[in-house]
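I have placed the structure first, in the form of structure tokens, so that the comments after it can refer back to it.
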Amino acid sequence: MGGKSSTPLIVKGKRLDGRKPEELRPIKIEAGVLNRADGSCYVEWGKNKVIAAVYGPRELHPKHLQDNTQAVLRCRYNMAPFSVDDRKRPGPDRRSVEISKVIREALERVVFLNYFPTSAIDVFMEVLQADAGTRCAALTAASVALADAGVPMRDLVAGCAAGKVDGTVVLDLMQEEDNYGEGDLPLGYIPSKDEIVLLQMDGDFTKDEFKTALNYAIKGAKKIYALQKEALKRKYTTNKETAKWI
Amino acid sequence: MDINRELKRHFIGRLVQDGRRIDGRGFDEMREISIEQNVIPDKAEGSAFVKLGNTEVLCGVKMDVGEPFPDTPEEGVMMTGAELVPIASPEFEAGRPGEDAIELARVVDRGIRESHMISLDKLVISPGERVWMVFIDLHILNHDGNLIDASTLAAVSALKSAWVPKFEDEKVIREKSSDLPISKIPLSFTYAKIDDAILLDPILDEEFAMDARLTVTTSGTHLHAMQKGETGAFKPEEVFNIVDTTFSKYKEVKKLIK
Amino acid sequence: MEKLELRAEVVAPGDLLARDISNGTYTYLDGGEVKASVFGLKDIKKDSVSVIPLAGKYMPKAGDMVIGVITMVDRNGWEISINSPYPVFLQRDRDMDPILNPRRLYKEGDIVSVKIKSVNEMKKCYAEGPRKLRGGRILMINAKKIPRVIGNRKSMLGILREKSECRVVVGQNGVIWLDGPERNVQMVVDAILQIERESHTKGLTDRISSVLDKKMKVIKEEENGRKK
């Protein structure tokens with residue numbers, strides 16, 4: 001968490017964008033937005049714009065990378081250089097390596113990897129515009145893209161974060177709140193199983209604040225989960241030729 | 001597929017079902033901890049060697065002068081790196097840090113940074129231009145599980161022993177001018193979930209068998225960092241219980257920090 | 001575009017399909033609950049429930065006829081890529097002259113149809129009964145839509161072949177080979193792409209049939225006009 005903000009982030013129970021503490025930003029999820037990918041998904045979450053593509057299962061080379069018992073799931077979270085205020089140097093940095101890892105571990109819980117020995121399933125997540133909460137948006141998009149690719153899965157994983165701003169626990173931090181707030185708690189959650197598959201935290205929470213924050217994030221993830229399923233079903237219940245991400 | 005890993009996995013799983021651990025510890029018992037400070041006395045400004053059971057981590061702190069980050073002109077800079085050097089395990093390879101090393105460094109860093117252990121505001125030489133930079137480097141020498149907690153202990157102990165050199169005529173003089181300004185003491189506690197059992201401070205064999213991992217970092221009253229790892233899942237109540245255990249364990253381990 | 005009626009409910013992974021019933025393909029058991037494991041259409045029968053997938057890669061199955069491209073030749077035989085995570089291997093005949101260069105039979109780039117003979121646990125696949133497909137046109141669609149292209153008791157494929165007067169070979173792996181007069185082939189390609197797009201809707205066979213009738217009528221009239 002960064003420095004202190006000179007102006008309050010919550011005034012009379014309302015946040016900078018007018019949200020109440022327990023309110024999500026507007027979210028749009030669109031499945032099947034890329035033509036070449038086996039599956040894809042675009043997520044617009046506040047000012048975040050994230051696109052995920054899935055390729056595979058496909059042949060994995062070189063051979064020593066193969067696992068004879070299951071598919072190898074490979075995830076790459078990447079930020080476009082233009083997605084943030086100060087241009088980001090292209091390519092993986094330590095932050096994106098870590099995020100790719102925790103997202104992969106969250107998804108491995110749901111994908112039936114054992115159906116596809118020796119193969120690879122690639123999940124690419126590109127953050128096109130970042131406004132805090134990109135890892136949750138990327139996980140949400142990746143999970144829909146996997147389903148869209150016809151990859152067998154136990155369920156979808158929904159991502160959602162909670163945090164602490166001006167001493168108040170809030171759902172779904174936006175950029176200013178992330179920069180000047182006191183804590184962030186990103187969550188990956190499977191509502192039908194009540195399972196936490198991604199959990200990170202940084203900042204300063206008391207035990208009670210943490211409890212509230214985790215419960216907020218779970219509630220948020222349940223709403224995201226409903227939107228994910230709705231997005232998949234919408235792909236075949238509307239007559240659009242192809243979905244568009246922009 | 002690693003044969004050792006597979007054999008251990010089945011064995012550990014069965015033990016845990018019987019409510020036992022391979023080294024006879026209780027599920028929420030830490031291994032023995034030993035901490036030795038100033039082990040690199042001549043070159044590092046701070047250092048510590050930590051043994052957590054058989055896991056051995058060496059941490060060195062180097063101080064240097066540099067520019068502050070543009071968004072925090074009145075604060076010193078801290079950076080944490082970790083190397084899983086090949087001597088520590090047959091599974092480690094030389095080369096650039098892989099994702100495990102990166103995750104380890106970042107989780108340790110987060111605990112120290114978010115708890116404000118180092119008073120970075122006291123490390124300013126001239127605002128916006130010159131500040132002290134604290135480099136925390138972790139060397140894993142023997143990997144027998146739970147690198148995160150051993151590394152946090154090593155980093156915290158090394159920082160406790162660290163001092164700020166003199167800075168005269170635009171030059172760093174490697175002589176002590178003051179102690180490194182320290183406020184809180186963050187400690188991390190890592191738990192492995194095997195089936196439905198939750199084990200504090202897993203050894204390597206238990207890590208082979210674990211479905212999921214959760215690290216919680218606290219400074220005693222507040223939580224500062226968390227990291228869930230591996231492909232299994234936790235229930236919310238399990239997380240709340242882990243948080244409770246963490247607060248009570250903190251009191252025990254804190255006593256060892258000098 | 002008119003609103004087409006879904007032929008079954010669209011389900012997503014994790015959706016509860018039914019309780020206490022045997023679970024069919026693309027589903028899994030979670031306690032007593034049968035849940036969908038893929039994105040697709042719910043297919044409920046008297047004593048079981050399954051999902052018809054709407055996407056996904058072709059998984060080789062013994063007995064399937066597939067169409068692929070020779071990607072590698074060595075002295076043991078040929079490797080054929082079939083638009084799947086797993087290639088199939090065609091072994092050289094034992095009584096084949098050992099001096100004969102196998103490339104004289106099939107070389108890299110050749111298009112062949114084969115029957116999958118066996119698939120092992122690691123999905124290593126062996127093929128038999130190769131036939132080289134010369135000329136014609138290749139179309140690749142989502143393999144999961146092939147059952148719709150073939151239809152119930154080959155009804156759809158029968159319509160496509162009969163009405164278009166084209167040769168149509170359908171590989172289970174989503175690769176289709178077509179041969180015939182250019183305009184007729186184009187007509188079948190368009191029809192197959194329409195089947196792929198609308199596989200989840202009702203009344204598809206009738207729609208395809210009438211589209212083909214209309215197009216063939218135009219083709220025939222023009223042909224007759226030219227003859228006169």
Side-chain angles (χ1 to χ4, degrees), chain A residues 31-32 37-41 54-61 66-72 110-112 114-121 143-158 190-193 225-226 228-242, chain C residues 1-16 25-31 33 35-42 51-60 71 79 81-87 119-125 142-145 174 193-194 197-201:
Chain A
D38 294 319
S40 58
C41 175
V54 168
Y55 286 86
R58 57 182 176 182
E59 278 184 69
L60 176 56
H61 293 293
Q66 296 181 357
D67 182 335
N68 287 338
T69 63
Q70 59 172 35
V72 174
V110 290
V111 178
F112 284 107
N114 56 323
Y115 289 8
F116 308 103
T118 72
S119 73
I121 300 174
S143 150
V144 172
L146 278 163
D148 182 46
V151 172
M153 307 159 82
R154 282 182 190 87
D155 214 319
L156 303 178
V157 180
I190 310 170
S192 63
K193 307 293 292 174
Y225 180 77
Q228 288 175 303
K229 294 220 158 165
E230 202 244 329
L232 282 167
K233 288 168 192 181
R234 200 171 53 231
K235 188 178 170 186
Y236 285 98
T237 49
T238 59
N239 279 326
K240 257 180 310 172
E241 281 291 291
T242 45
Chain C
M1 200 171 155
E2 68 190 298
K3 177 91 186 162
L4 300 172
E5 205 184 333
L6 283 169
R7 67 187 169 109
E9 186 193 336
V10 179
V11 292
D15 280 0
L16 174 64
T25 51
Y26 300 103
T27 68
Y28 71 100
L29 273 173
D30 184 14
E33 300 178 339
K35 291 182 173 178
S37 66
V38 297
F39 176 36
L41 300 171
K42 180 172 170 178
V51 177
I52 301 163
L54 288 165
K57 287 290 165 79
Y58 171 71
M59 292 295 280
T71 50
E79 186 182 289
S81 174
I82 56 163
N83 187 32
S84 159
Y86 307 101
V119 181
N120 78 2
E121 233 167 67
M122 275 160 60
K123 305 286 173 193
K124 181 126 181 148
C125 312
N142 183 332
K144 296 290 193 289
K145 313 283 176 97
L193 292 176
Q194 187 183 346
R197 265 197 319 272
E198 299 175 8
S199 70
H200 58 292
T201 62

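Chain naming here is simple, since letters A, B, ... match the order of the sequence lines and numbering starts at 1 in each.
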So which of C/N142, C/T201, C/D30, C/V11 has the biggest tally of heavy-atom pairs under 4.5 Å with chain A? C/D30
Against chain A, work out which of C/G56, C/A55, C/P13 has the most heavy-atom pairs shorter than 4.5 Å and name it. C/P13
Contact class of A/F112 relative to chain C, heavy atoms under 4.5 angstrom: side chain
Quick one: of A/R154, A/Q228, A/K193, A/R58, who has the most non-hydrogen atom pairs under 4.5 Å with chain C? A/R154
Which atoms of C/E9 approach chain A - backbone, side chain, both or neither, heavy atom under 4.5 Å: neither
Do any N or O atoms from the side chain of A/D67 and from the backbone of A/V72 form a donor-acceptor pair under 3.5 angstrom? no
For chain A, which of C/S84, C/G14, C/P53 has the most heavy-atom pairs under 4.5 Å? C/G14
Look up atom NE2 in C/H200 and atom CG in C/L41, then write down how far apart they are to the nearest 0.5 Å. 8.0 Å
Approximate separation, where rounding is to 0.5 Å, of C/Y86 OH and C/N120 CG: 10.5 Å
Region of C/V51 in contact with chain A, defined by heavy-atom distances below 4.5 Å: neither
Whatever's closer than 4.5 Å to a heavy atom in chain A on C/D15 counts as both
Does any backbone or side-chain atom of C/Y26 lie under 4.5 Å from a heavy atom of chain A? Answer side chain, backbone, both or neither. neither
Tell me, side chain or backbone of A/A149 under 4.5 Å from chain C's heavy atoms, or both, or neither? backbone
Would you compute the distance between atom CD1 of C/I52 and atom OG of C/S199 and round it to the nearest 0.5 angstrom? 9.0 Å
Cut-off 4.5 Å, heavy atoms of chain A, and the answer for C/L6 is side chain
Closest heavy-atom contact between A/L146 and A/V111? CD1-CG2, 3.9 Å
Below 4.5 Å, heavy-atom pairs only: which of C/E121, C/M59, C/K124 has the largest tally toward chain A? C/M59
How long is the span from the CG atom in A/D38 to the NZ atom in C/K57, to the nearest 0.5 Å? 3.5 Å
Would you say the ring centers of C/F39 and A/Y236 fall short of 6.0 Å from each other? yes
Any donor-acceptor pair under 3.5 Å from A/S143 side chain to A/L156 backbone: no
